[in-house]
Protein chains: 2
Amino acid sequence: MVQSSKKIQGVPEPTIRRMPSYLAFAEGLLRKGQQFVSSTQIANYMNIDPTQVTKDLSYTSIVGKTRVGYEVKALVDVLSEFLGFTIMDNAFLVGAGSLGSALLHDSGLSHFGLNIVAAFDVNSSTIGKKFNDIEVFHIDQFRDLSQEMNVVMGIITVPAENAQTVADLMVAWGIKAIWNFTPARIKVPEDIIVQNTTLYSNLAIIFNKLHNDRKEVQ
Amino acid sequence: MVQSSKKIQGVPEPTIRRMPSYLAFAEGLLRKGQQFVSSTQIANYMNIDPTQVTKDLSYTSIVGKTRVGYEVKALVDVLSEFLGFTIMDNAFLVGAGSLGSALLHDSGLSHFGLNIVAAFDVNSSTIGKKFNDIEVFHIDQFRDLSQEMNVVMGIITVPAENAQTVADLMVAWGIKAIWNFTPARIKVPEDIIVQNTTLYSNLAIIFNKLHNDRKEVQ
DNA sequence: AATCATTAAAGAAATTTTTCTTTAATGAAA
DNA sequence: TTTCATTAAAGAAAAATTTCTTTAATGATT
């Protein structure tokens, strides 16, 4: 048993995964001018059980009104706040290839509280370029820049074989959280937060359903 | 209770999610020439419990050897096969923006059994372009092309507000599975497989850890 | 050859997450 | 004003997933 930071029995991860979709739905309703939304309505949109929705929302401070539902505006505010989308965190991105530059272009990230302040690469053809106003520097400049900016997150979008090297660099320069887009698993000190996001996991799930259906359903 | 296709108690989704990383690790060992790998070694790499690894692998046909582990080559083959990465499926991608074109550029997808045969958009500046040899057509041509090619999967990388329209189009032209990269949830007939992949869920999880750490750990 | 330590595998136990059930509230309809 | 149907919320039950425990096998060491 590891005696370190006992995960303080927080919000279930599946709940957190669902919340951004609740938020996206609520934002849509807000734009359309709808004032209240019921758990049933949200559940119908999400294709899940209504009690799942109320349970998920019970982790936030919002209180619903019987026979009416949740106030849409309040829901948007509470979820944005709860998900940490209202706090701006600065990030560095390493690996300005196709996936990396797609992330740089995604203004959704800054809308949700992630401010990518600089990108790094080793490929001289991309260095100096700007994507969505974010400049690409040579990886050697990582040190100078991480000092002067308040950067808490590192995004890894390099080839899998270089993921560990980049992670080590990020840790060395005081980054607190790493968002790893490679299928490689990185080793970091235990106080560093790592989130692995791999497309291939999703591909595996969809294939599993697709190929099983071919076999098992009449 | 819905009386339809009772999910035939398959492999747990968390297991399937982990498998691509086992595969990536095994492929690395194979390249390095390592012949056997133990669950302990895999678990150490993944930062999970070793019994989790053996349990996960027990869903495949591989059998380990006491005091030795699993044969690396066999592990690669069994996992690739199990995950459906050896079967080639054809796909259409709709929305050749930054995320869409990043996917078109990702040769990892074709390595893992996904063959994107064409892309579609409405933006005249991208139509006619080729990304990684995949041509971008106007969405109106979707029909003609889906007829002649054997396309089973549709990938949605348009803005969230257009997701449903695109999904309807895909369903109309006989697509079996949809990989939805927008935070919007789409409504499709129940025999269509949908996999939602939203970056913001992952962002929410990492923020949750990051911001909680700030608060709760001494 | 005998012992030891490491491992896979199977099943039990614990934990986590989801679904079900009950209760109380209240807007709308009669 | 009364009844009805819909809803949120809380807690119980069920289901799913992970972790723990035991067993048996076997390569390495003595």
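Keep in mind that the numbers below use all heavy atoms, side chains included, and drop hydrogens, waters and symmetry copies. In this text, all values refer to a predicted model and were calculated from it rather than measured experimentally. Residue numbers begin at 1 in each chain, while the letters A, B, ... track the order of the sequences.
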_Euclidean distance, atom CG of residue N47(A) to atom P of dT18(C) [Å, nearest integer]_ = 15 Å
*Scan side-chain atoms only and decide if N180(B) and N196(B) contain a donor-acceptor pair under the 3.5 Å cut-off.*
yes
*Think S58(B) has a side-chain N or O under 4.0 angstrom from the OP1 or OP2 of dA9(C)?*
no
*May I ask you to verify if any side-chain N or O of R18(B) is less than 4.0 angstrom from the OP1 or OP2 atom of dT18(D)?*
yes
_Any Q52(A) side-chain nitrogen or oxygen under 4.0 Å from OP1 or OP2 of dT17(C)_ = no
*Could you give the CD-to-C1' distance, from E13(A) to dT17(C), as a whole number of Å?*
12 Å
*Consider only side-chain N and O atoms of N115(B) and S110(B), and report whether a donor and an acceptor are under 3.5 Å apart.*
no
*asked:* Under the rule for side-chain hydrogen bond (donor to acceptor under 3.5 Å, both in side chains), what residues qualify as partners of E71(A), not counting sequence neighbours?
replied: none
*salt bridge (charged side-chain N to carboxylate O under 4.0 Å, His left out) against D168(A), all qualifying residues, sequence neighbours excluded*: none
_Distance-only donor-acceptor test (3.5 Å): side chain K55(A), base dG11(D)_ = yes
*In terms of side-chain heavy atoms of T54(B), which of dA9(C), dG27(C), dT17(C) is nearest?*
dA9(C)
*Mark yes or no for a side-chain to base donor-acceptor pair under 3.5 Å between R67(B) and dA5(C), with no hydrogen or angle criteria applied.*
yes
*Nearest whole angstrom, please: distance from the P of dA13(D) to the CG of D49(A).*
18 Å
*Distance, rounded to the nearest Å, where I16(A) contributes CD1 and dT16(C) contributes P*: 14 Å
*Starting from P on dA10(C), measure out to CG on D56(B) and report it in whole angstrom.*
14 Å
*Given atom CE of M19(B) and atom P of dT17(D), what is their separation to the nearest angstrom?*
13 Å
_Could you tell me how far apart F36(A) (CZ) and dA8(D) (P) are, to the nearest whole angstrom?_
11 Å
*What's the CG-C1' distance between N44(B) and dT6(C), to the nearest Å?*
15 Å
*Determine: side-chain N/O of T40(B) to OP1/OP2 of dT6(C), distance under 4.0 Å, yes or no.*
no
*Assign T51(A) to base, sugar-phosphate, or nothing according to its heavy-atom contacts below 4.0 angstrom with the strands shown.*
base
*With respect to the phosphate group of dA9(C), does any side-chain polar atom (N or O) of Y70(B) fall under 4.0 Å of OP1 or OP2?*
yes
*Salt bridge check: are E27(B) and R31(B) linked by an N-O gap of less than 4.0 Å?*
no
*Among dG27(D), dG27(C), dT17(D), which is the nearest nucleotide to the side chain of K65(A)?*
dG27(C)
